[in-house]
Amino acid sequence: MSEKKEEVVSEALKAEEKLRSMWYILDLEGRLVPLDKFEFKGHENLRIYSGYEIEKDRTVTQEPPHISLMRSLELVDYESASDPGNFRYYPKGRMVKALLEEYVTDMVLDYGGMEVETPIMYDMKHPTLAKYLHRFPARQYTIEHDDDRYFLRFAACFGQFLMAHDATISYRDLPLRIYELTKYSFRREQRGELAGLRRLRAFTMPDVHAMCRDLPQAKKEFLRRYKLVEDTLTGIGFDVNKLEMGLRMTEDFWKENRRFVRSFVKRFGKPVLLELWKERFAYFILKYDLNFIDALDKASALATDQFDVENGERYGITFMDEDGHEKHPIILHCSPSGAIERDIYALLEKAHMEMQEGMRPMLPMWLAPSQVRMIPVSEEHIAIAEDYAKKMARRRIRADFDDRSETVQKKIRDAEREWIPYIIVLGEREVGAERVPVRVREDGKIHQMPLKELVSEIKKKVKGRPYRPLPMPMSVQRRPKFVG
RNA sequence: GCCCCGGUAGCUCAGUGGCCAGAGCGGCAGCCUUGUAAGCUGUUGGCCGCGGGUUCGACUCCCGCCCGGGGCUCCA
C-alpha cells in the first residue's frame, strides 16, 4: 500500500489496552470484595454489569428490542446516506429528543450551570488540543481542507476549556460551572460497536464542567452534582435504584479518600463495581458511571462524573487564589443524563421489559408524542372530537383526533399501537354529556370522567417537565406515514 | 476494525439457475356509518442493496463494496 492513510489513534486508546487494574465489589459496609468472592444473589444486574455472568443460554442472538420500537413508533431511524451511527429523527422522535434536551438543560441551569456554545470542530495542530486528543480514548472524525486538518469534537471539553483559559477567574468564582449540550459529539466508534440508539457515532451529550479550587471543594461539588444526576435521571423516568454503578479510581485516591468513597457508595445505596488502577493513566483520578441494563442484559453507561487533575494545567486554566497565587483548578466532568439518544434507547428498552412482564409499554407521560386520542364513532362526531382535542391543546396537552373512515375498533387498535396513554371514544352518548369514557392505557380500563379531571390528571403527571405541542397535525387523517 | 449471519414492494416477510417475482399490512378508489385492539371489494406498488464475474441465461452461484444485526472489544 503506497498511500496508506495514517489513522490518528490516541495514546489513551493504546494505554488502555495495556492498563493494569484490579476489580472489586465495594459493598455498603465499605468492604472491598474480589469479584469471585462476592455473593451476587439479589444483585443480578450488578453481576451482569460486572461481566461476571456465568454462561447464560443465549441460543437466540437477537437484535435489541428498542430498534424495532424506535422505528415502529416513528421516532428515529437509520440514515444509510450518512455514515453509520448518524440517525434521522421523525417529528415524534424529534419532539421526544427536544423535550429531553430541554429537561436536562433546565436541570443543569437549576444546579447553577452557565450555558455556553462552542465550535464543533477544532484544529488538529492546536498544541493544547493535540495533546488532549491523546488523553482521550476515542477515535475522531477528521475534516481536511487544503493543508488544514480538523477534528470533530467528541465532547464539550475543548470549547469550554479554551473559554476558561481566556477567562479571568477568582477563587470567589469557584466552583465555576459551565454547561453545553453538544449537538453533536462525534466519535468514530468501531463499526462493530454500533448498535441502534445504544452506541452512535454522532450523539447529543450534555456536558457540565465544574472548576474547583482544591480537592475538598471538588469533593463537595461532586456530591452536589450527584444529586443533579439522581434528580435528572429520575425526572426523565428512570429508577436510579435499578441502575448499576461503576466506580474507577487510582489506588492512591482510594487510600487517601476511603471515607469519602464509602459514604458516596452508601449514598448510592447499593454495592458498586470498583476498579482500582495501579497508576493514573487517564486525566482523571476518579470517575463513576451509572449503567442501565437492557432487555438483552447489556449494560451501557448513562450519567457519569469525573475528577480531572490534568486539564486545568494542560489548558492553562488558572484562577487567582486568596493568597495571591495563580493556581489550576480541579475540573469535574459530568453528564447528568448521558447521551440523549441513549436515554431514548433506555426508555424504549425499559418499556419492552415492562411489556414482557405483562404491562402495556409506555413512554413517560411528558414524552408521549400524543397524550390523548379522540375517536369519533362516526363522521357526525368528528366535530366534537376536534373540539375536545382543541380544548385540551389550549391546556397544553397533546391531544389529537382520528378522523379516518375506519371502524372504532380499528382506530382504538391503532391508538394502542402508538402507545397513546388516553383514548376517548366519542359518539351519540357523549354529546352534551358531563363525563367521557377514558380508556386508560396504564390499567386497561375505561374510566368515566369529566374532561377537566383528565386534564388535571395529565397536568399532575407532567409537572415540572417541559412541554412541546403535538408534533404533527391534530387530524390523524392528515398525517404521512414515515415508516411502513 | 476482525469473525459470523442477513439485505426481495413504503413496512413485515415468502420464493426459484429459465415462462410476466408473490402474500399480508400500508397507500389510493369505492362500499359500509361504525361503541373500546384489524369491516368488505377493487387497485396501486419491485435497478430482488450496489458493482463486477461465471453461464446460452443470475433475484438465485462466485468475488468486492455498501447497509443492518450478532460476537470480540468499547463507551455517553
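Because the structure is predicted, anything quoted here is derived from the model rather than measured. Residue numbers begin at 1 in each chain, while the letters A, B, ... track the order of the sequences.
Contact annotation: A/K298 does not reach the phosphate of B/rU73 (side-chain N/O to OP1 or OP2, under 4.0 Å). OP1 or OP2 of B/rA37 sits under 4.0 Å from a side-chain N or O of A/R439. Put simply, A/K481 has no side-chain N or O that comes within less than 4.0 Å of OP1 or OP2 on B/rC11. At the phosphate of B/rA76, neither OP1 nor OP2 sits under 4.0 Å from any side-chain N or O atom of A/Y184.
In this structure, A/E79 reaches neither bases nor backbone, as no heavy-atom distance under 4.0 Å exists between it and the strands shown. Residue-level contact check: A/K445 touches neither bases nor backbone, having no heavy atom under 4.0 Å from any strand. Contacts of A/G338 with the nucleic acid, taken as non-hydrogen atoms under 4.0 Å apart, involve only primed sugar atoms and P, OP1 or OP2. Contacts of A/A346 with the nucleic acid, taken as non-hydrogen atoms under 4.0 Å apart, are absent. Within 4.0 Å (heavy atoms only), A/V408 reaches sugar-phosphate atoms of the nucleic acid but no base atom. Looking at heavy-atom distances under 4.0 Å, A/I340 makes no contact with the nucleic acid at all. When heavy atoms are screened at a 4.0 angstrom cut-off, A/F482 is found touching no nucleic acid atom at all.
Taking only side-chain atoms of A/R417, from C-beta outward, the nucleotide of B/rA37, B/rA76, B/rU34 with the closest atom is B/rA37. Set against B/rC75, B/rA37, B/rG69, the side chain of A/R342 has B/rC75 as its closest nucleotide. For A/R71, whose side chain is taken as the heavy atoms from C-beta onward, the closest listed nucleotide among B/rA37, B/rU12, B/rA76 is B/rU12. Listed candidates were B/rU33, B/rA76, B/rC67. Nearest to the side chain of A/S378 is B/rU33. Of the candidates B/rG71, B/rG70, B/rU73, B/rG70 carries the atom nearest the A/P64 side chain, counting heavy atoms from C-beta on.
B/rC2 and B/rU54 have their C1' atoms separated by 29 Å, given to the nearest Å. Across B/rC63 and B/rG46, the matching C1' atoms stand 26 Å from one another, rounded to whole Å. Rounded to whole Å, the C1' atom of B/rC62 lies 11 Å from the corresponding atom of B/rA58. When the P atom is compared between B/rG24 and B/rA9, the two are found 16 Å apart, to the nearest whole Å. B/rC5 and B/rC40: their C1' atoms are spaced 42 Å apart (whole Å). Atom name C1', nucleotides B/rU55 and B/rG49: the rounded distance is 23 Å, in whole Å. Annotation: B/rG15 and B/rG53 have their C1' atoms spaced 25 Å apart (nearest Å). B/rU41 and B/rG51 have their C1' atoms separated by 44 Å, with the value rounded to a whole Å.
Where A/E341 and A/P84 each meet RNA chain B at their nearest nucleotide, the meeting point lying more 5' is that of A/P84.
Across all strands shown, B/rA9 has no partner, as no Watson-Crick or G-U wobble contact with both distances under 3.5 Å is found. Remark: B/rU16 base-pairs with no nucleotide in the shown strands. Criterion, Watson-Crick or G-U wobble with two distances under 3.5 Å. Applying the Watson-Crick and G-U wobble criteria (two distances, each under 3.5 Å), B/rC28 pairs with B/rG42.
In this structure, A/L152 CG and A/M121 CE are separated by 6.0 Å, a value rounded to the nearest 0.5 Å.
With hydrogens and angles ignored, no donor-acceptor pair under 3.5 angstrom links the side chain of A/E189 to the base of B/rG1.
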Within the sub-3.5 Å range, which N or O atoms of nucleotides 39-43 of chain B have a protein N or O partner, and how far apart are they?
| unit_1 | atom_1 | unit_2 | atom_2 | d |
| --- | --- | --- | --- | --- |
| B/rG39 | OP2 | A/T407 | OG1 | 2.9 |

Practice problem: For side-chain contact (heavy atoms from CB on, under 4.5 Å), just list the numbers for A/I420 and A/R441, CA-CA rounded to whole Å, side-chain angles, deciding distance to a tenth of an Å, and then say yes or no. | Solution: CA-CA 7 Å; A/I420 298 175; A/R441 184 172 177 79; over 6 Å; no
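A/N86 and A/Y184 are not linked by any side-chain donor-acceptor pair at a separation below 3.5 angstrom, with hydrogens and angles left out of the test.
Ring orientation note: the planes of A/F151 and A/Y122 are tilted relative to one another, at an angle of 30° to 60°.
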